[in-house]
Amino acid sequence: MMKKKLWGGRFSKATDALVDDFNSSIRFDSRMYKEDIEGSVAHAGMLGRCGIIPAEDATLIQKTLREILQDIEDGKVTFLVDAEDIHMNVETLLISRIGDVGKRLHTGRSRNDQVALDLRLYLRHACDEVRALIKELMETLLTLAKEHVATIMPGYTHLQKAQPVTLAHHLLAYFEMLKRDDKRLSECRARINVMPLGSGALAGTTYPLDRAYVAEQLGFDAVTNNSLDGVSDRDFAIEFCADLSLLMMHLSRFCEELILWSSHEFSFVEMDDAYSTGSSIMPQKKNPDVAELIRGKTGRVYGDLNTLLVMMKGLPLAYNKDMQEDKEAIFDALDTVLLCLPVFTKMISTMRVRRDVMLKGAKGGFANATDVADYLVKKGVPFRDSHAIVGNMVAKAISLSKNLDDFTIEEFKECSPLIEEDIYEAISMETCVGDRAVKGGPAPERVQQEIADGLRYIQTL
Ligand code: ARG
């Protein structure tokens, strides 16, 4: 156990064990060990280069830090709770190995700018990781869409049948959402990628640090402009969690649909056995647990975002210890997304699509009523009037227990004498979908084009 704290100079008593435990963040911030060491290597190199510490000391510090990194990765290091956090654990290890030389590392630096740096390095990588998984999901959506350009299904509003669309068109709606999710993360990464070291505890430092050099060594695009801001905002982390929340919201809506679609009542899809679970009591059950869990876990990511927002809202500048609470929320949101994305992608790529049931679903429920109205408009009836005529027609169809397509030509003519034999072709599901060829519409040739554009877009990521 560590006897004297690195900051213990003015203290005459040891920290109570309860406080050590309470104050310590090593339980959860140890996962930033790599970023912490990477940052320290760059800082030490800069201190040596600028003549702030002897060049040979800087070299020894860097070499030892790299050894410590290796030892951590080999599982040879046990972190100490009373060394508080990852920053002081690494520094303690360094000093235990090279003594006084190690004590020079923290020159011109505070844990406040250090933790801001570590978090930015960590989240920068996290953005890349999440984006790679989003890309895989986008590819899967395009592959599925290609197979289902002509798979007609009902589109809904209010969860009531509205107009026919295709499964490909429906899938491409999610493709668009994911495109924005990905873009948001790439923009978030750009705001993360600003180097805070040199902000010191809050007021910068008197040492002539070469901040630009450190930024360059660590692959940052710029350095922070204000030391108070550099150590005390976590907006970049909040933005990251907000982006993850939106992503999860999209996955969750899709999951909700898949749960509905795999119900007996819909039967549009069937999840693969490998992506479903059974019931301990009801032998017949096959439950879409994966989709339900993703929907459920969306709530915890929102919770993480809320934790950060509430934690930050009343904090005066600059650093406050409250901010140590950011990490568990950030890591939880990230872990949840990293868990959900691959399983979601696998689940949808293995599900069975019931084209026949989807088509039947599109045919029932008067999904082509708008097209009957449009037919009359094309024969010169004002839309408002044709809307009313078709409304009556639907009422009549309900009383006859028929679909509109099943009307005889006489039944049609009773509703409007303008209707002729070509009505059947005009309101077939294929025509309803095929004629919606406006940009953004479900017509197969449009959707083919969107898929081709999508494939090209993915190449640019
Ligand atoms: N473990 C701390 C955190 O996560 C690091 C910064 C501590 N700074 C301080 N002045 N106590 O926020």
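This chain uses plain numbering: 1 for the first residue, then up along the sequence. Keep in mind the model is a prediction, meaning the values are calculated, not measured. In listed order, ligands and their atoms are each counted from 1. Note: hydrogens, waters and symmetry copies are ignored here, and every other heavy atom, side chains too, is used.
The closest heavy-atom contact to atom 8 (N) of ligand 1, among the options Asp326, Leu202, Asn112, comes from Asn112.
Among all non-hydrogen protein atoms, the one lying nearest atom 11 (N) of ligand 1 is Arg111 NH2, 3.5 Å. Atom 5 (C) of ligand 1 has Asp85 OD2, 3.5 Å as its closest protein atom, hydrogens excluded (heavy atom only). The protein atom (non-hydrogen) at minimum distance from atom 3 (C) of ligand 1 is Tyr319 OH, 3.2 Å. What sits closest to atom 2 (C) of ligand 1 on the protein, heavy atoms only, is Gln324 OE1, 3.2 Å.
The salt bridge (charged side-chain N to carboxylate O under 4.0 Å, His left out) search around Asp210 returns none, not counting sequence neighbours.
The aromatic rings of Phe268 and Phe266 sit perpendicular to each other, their planes meeting at more than 60°, with 30° as the lower class boundary.
Residue contacts with ligand 1 for His87 involve side-chain atoms from C-beta outward but no N, CA, C or O (heavy atoms, distance under 4.0 Å). With a heavy-atom cut-off of 4.0 Å, Gln114 does not touch ligand 1 at all.
The environment of CD in Gln324 is crowded: more than 12 heavy-atom neighbours from other residues, nucleotides or ligands sit within 6.0 Å.
With ligand atoms numbered from 1 in the order given, ligand 1 contributes 3 (C), 4 (O), 12 (O) to contacts under 4.0 Å with heavy atoms of Lys327. For ligand 1, the atoms closer than 4.0 angstrom to any heavy atom of Ser25 are 1 (N).
Under the 3.5 Å distance criterion, with hydrogens and angles disregarded, a donor-acceptor pair is assigned to the side chains of Ser40 and Arg109.
For the pair Arg111 and Asp85, the salt-bridge criterion is met [side-chain N within less than 4.0 Å of a carboxylate O].
The list of salt bridge (charged side-chain N to carboxylate O under 4.0 Å, His left out) pairs with a residue in residues 255-268, not counting sequence neighbours, reads Glu256-Arg295.
Of the residues Asn112, Asp29, Thr92, Asp36, the one that meets the side chain to side chain donor-acceptor pair (under 3.5 Å) test with His87 is Asp36.
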